[in-house]
2 protein chains.
Amino acid sequence: MSNRATQATLKIPKNSGAKRRAGGKPRPTDNSSAIELDGLLGHAGYAVRRFQLWIFQDFIRTLAAVDITPTQYSVLTVIGANPGLSQMAVAQRLGIERARLVHLLDSLEDRKLVKRIRSRTDRRSHALHLTAQGTVSLRQFKLLAAEHERHVAEKIGKENREQLLRILSGFT
Amino acid sequence: MSNRATQATLKIPKNSGAKRRAGGKPRPTDNSSAIELDGLLGHAGYAVRRFQLWIFQDFIRTLAAVDITPTQYSVLTVIGANPGLSQMAVAQRLGIERARLVHLLDSLEDRKLVKRIRSRTDRRSHALHLTAQGTVSLRQFKLLAAEHERHVAEKIGKENREQLLRILSGFT
DNA sequence: AAAGATTGTTGCTGACGACAACAATTGTTC
DNA sequence: GAACAATTGTTGTCGTCAGCAACAATCTTT
C-alpha cells in the first residue's frame, strides 16, 4: 500500500485569497462555496488538515523575519529545554526521522544555533546543545511564536484554542 | 523565505510502537517520555501536527484494503456529491494544486473510478463524474471511512471529537 | 572474543506544494 | 470582428519531507 506524509512546512502561495475570473459573471462550477462537501465535513481528518495548513502558514509568516520553520522551532525548543540530548532522542520525541534530523541539524549548525558534541559516555552519539547565539535567538523565536499563538486564538477563539489543546494533549 | 507544506498522506512506519534497545537498562537520553517539551506543549501547531499524523495513519490503515488515501477519498467524495464539476473547482474546494489534481485524477481514472468528460459549454474544462464502478466503490469507501471516524472517537472521546469538529468548522 | 543492536550518516524512492510555461479556449475591449 | 487578456488543463522543475535500506563506528550481550 502506498501512503504519504504529513509534512511540516509549506510555501506561502502568492495569489492566496482573492482570485478573479476572466469575466465578472460567475459560472456554475465557479461558486466554490456552494459546492457540496458531503460527508467530508464530518471527517476530523479533513478539518484537521485544513486547520494545519492555516496554522503552519501563519507560523511561517510570523517567523519569516527570522527564517525559522515549525520543525526547526520544535528542534531548537527541545534542545534548549534538554541540553545534551542525542539525535535519536530528539527524533523520537518529535516524531522526526533520524535521517531527516541530520539535515535539520546540519542547517541549524551552519547557522551557529546548535552544536553537536561527541558524547564521551557513548561515542556513537552526539550531545546536542544550543550555542550562545542559539540561546539568545531562541528567546526571540519564542516571542514570535507566542505572537503566532495569539493569531490562532484570534482565529478560533481563546477558549476554543485552550479546549483544542486539552483535547489533543494526549498526542504530546 | 522558505517554507514547506502540510501534505496529505504518509507511509506507515513498520517498527512503529514498541522499540527495544540493545540493553535493558535505560540510559539518560533514552526515556523519551521524560524529555521536557517546554513551551512546545502550549503550541496548537505542534499538537495538531501530531494529531494529524495519527489520524492519517489510521485512515490509511483502515482503508488499506481498498488502497485509498485521504486525498483520493476527498476527491471522490466531492465529485460524487457534485457531478460535473471542473478540475479547477475541485482543486479550489479542496485546497489542492490544480497541477497536483491532474495526477490524482489520472490515477483514479486508471482505476476506473472517475471519468473526465469534455464540457460543451466550456471546452477548456472537464466535467468530472464517477463511473458506475466508482459510485459503487465510494459507498464501500465511506463505510470504511466511517469506521476510521469511530477510531478517532475512541481515541479522543466522542464528545471531544464533536467539539473538535465544531471548533474547526470554520476551515471547511 | 564473537554476535547482535544502536547511532549517526548517506542515498534512494515516492509524495507533495509552489511555480512557470504552454496550447486550447473563452471573455473582454476597442 | 479583431486584438488582447484571462482561464483550464497539462507538463515539467524545484525544494521539502517521510520511509527505507545500507554502512561504519561503537556499544551491549552472550
Side-chain angles (χ1 to χ4, degrees), chain A residues 1-16 19-27 29-30 49 53 56-57 60 69-72 85-92 94-107 116 118-128, chain B residues 1-16 19-27 29-30 49 53 56-57 60 69-72 85-92 94-107 116 118-128:
Chain A
M1 87 208 60
S2 85
N3 22 31
R4 349 263 155 83
T6 304
Q7 259 134 264
T9 40
L10 61 141
K11 297 187 187 174
I12 298 176
K14 287 181 178 176
N15 67 338
S16 68
K19 66 201 156 267
R20 51 257 174 280
R21 294 186 48 259
K25 306 162 193 169
R27 278 183 291 105
T29 59
D30 187 72
R49 173 178 173 266
L53 226 86
F56 272 71
Q57 281 186 1
I60 291 169
T69 66
T71 308
Q72 290 174 325
L85 232 48
S86 72
Q87 297 186 192
M88 264 306 288
V90 171
Q92 285 178 197
L94 294 176
I96 300 174
E97 276 277 328
R98 73 184 197 276
R100 169 92 193 106
L101 187 60
V102 172
H103 300 297
L104 282 169
L105 289 174
D106 285 348
S107 161
R116 290 184 247 223
R118 295 210 78 92
S119 167
R120 246 192 319 248
T121 61
D122 186 344
R123 291 173 47 214
R124 291 171 302 182
S125 67
H126 292 158
L128 301 176
Chain B
M1 85 209 62
S2 87
N3 21 32
R4 351 267 155 78
T6 304
Q7 258 133 267
T9 40
L10 62 142
K11 298 186 185 173
I12 298 176
K14 286 181 177 175
N15 66 338
S16 68
K19 67 201 155 266
R20 50 257 173 277
R21 294 186 50 258
K25 307 163 193 169
R27 280 184 290 105
T29 59
D30 188 71
R49 174 178 173 267
L53 226 85
F56 272 70
Q57 281 185 1
I60 292 169
T69 66
T71 307
Q72 290 174 325
L85 231 47
S86 71
Q87 298 186 192
M88 265 306 288
V90 172
Q92 285 177 197
L94 293 177
I96 301 174
E97 277 276 327
R98 72 184 197 277
R100 169 91 192 105
L101 187 60
V102 172
H103 300 297
L104 283 168
L105 289 174
D106 285 347
S107 161
R116 290 185 248 224
R118 295 211 76 92
S119 168
R120 246 193 319 245
T121 62
D122 185 345
R123 289 173 48 213
R124 293 171 301 183
S125 66
H126 292 157
L128 301 175

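Note: hydrogens, waters and symmetry copies are ignored here, and every other heavy atom, side chains too, is used. Letters A, B, ... are given to chains in the order of the sequence lines, protein chains preceding strands, and every chain is numbered from 1.
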Every protein N/O lying under 3.5 Å from an N/O of nucleotides 9-12 of chain D:
from, atom 1, to, atom 2, distance (Å)
D:dG9, OP1, B:Gln87, N, 2.9
D:dG9, OP1, B:His126, N, 3.2
D:dG9, OP2, B:Met88, N, 2.7
D:dG9, N7, B:Arg98, NE, 3.2
D:dG9, O6, B:Arg98, NH2, 3.2
D:dT10, OP1, B:Arg116, NH1, 3.4
D:dT10, OP2, B:Gln87, OE1, 3.0
D:dT10, OP2, B:Gln87, NE2, 2.9
D:dT10, OP2, B:Arg116, NH1, 2.7

(message) Please report the distance, rounded to the nearest Å, between CD1 in B:Ile96 and C1' in C:dG17.
(response) 11 Å
(request) Would you check, one step at a time, whether the test side chain to side chain donor-acceptor pair (under 3.5 Å) holds for B:Thr71 with B:Thr69? (result) CA-CA 5 Å; B:Thr71 307; B:Thr69 66; 4.7 Å; no
(request) Calculate the interatomic distance between A:Ile60 atom CD1 and C:dG17 atom C1'; express it in whole Å. (result) 11 Å
(message) If the cut-off is 4.0 Å, is B:Arg49 near the phosphate of D:dA18, judged by side-chain N/O to OP1 or OP2?
(response) yes
(request) Calculate, to the nearest 0.5 Å, the distance between atoms CD and CZ belonging to B:Gln87 and B:Arg124 respectively. (result) 13.0 Å
(request) Kindly compute the distance separating CD (B:Gln72) from CD1 (B:Ile60), expressed to the nearest 0.5 Å. (result) 9.5 Å
(request) Rounded off to whole Å, could you give me the CG-to-C1' distance for the A:Leu128 and C:dT7 pair? (result) 12 Å
(message) Please report the distance, rounded to the nearest Å, between CZ in B:Phe56 and P in D:dG19.
(response) 13 Å
(request) Write down the distance between CG (B:Leu101) and P (C:dC19), rounded to a whole number of angstrom. (result) 18 Å
(message) Return whichever of A:Ser119 or A:Gly95 has its heavy-atom-nearest nucleotide of DNA chain D closer to the 5' end.
(response) A:Gly95
(message) Under the rule for side chain to side chain donor-acceptor pair (under 3.5 Å), what residues qualify as partners of B:Arg118, not counting sequence neighbours?
(response) B:His126
(message) The criterion is side chain to side chain contact (heavy atoms under 4.5 Å, CB included); which residues satisfy it with B:Arg123, sequence neighbours excluded?
(response) none
(request) Specify the separation, in whole Å, of atom CD of A:Glu97 and atom C1' of C:dT7. (result) 14 Å
(request) Only counting residues at least two apart or in another chain, list the ones meeting side chain to side chain donor-acceptor pair (under 3.5 Å) with A:Ser107. (result) none
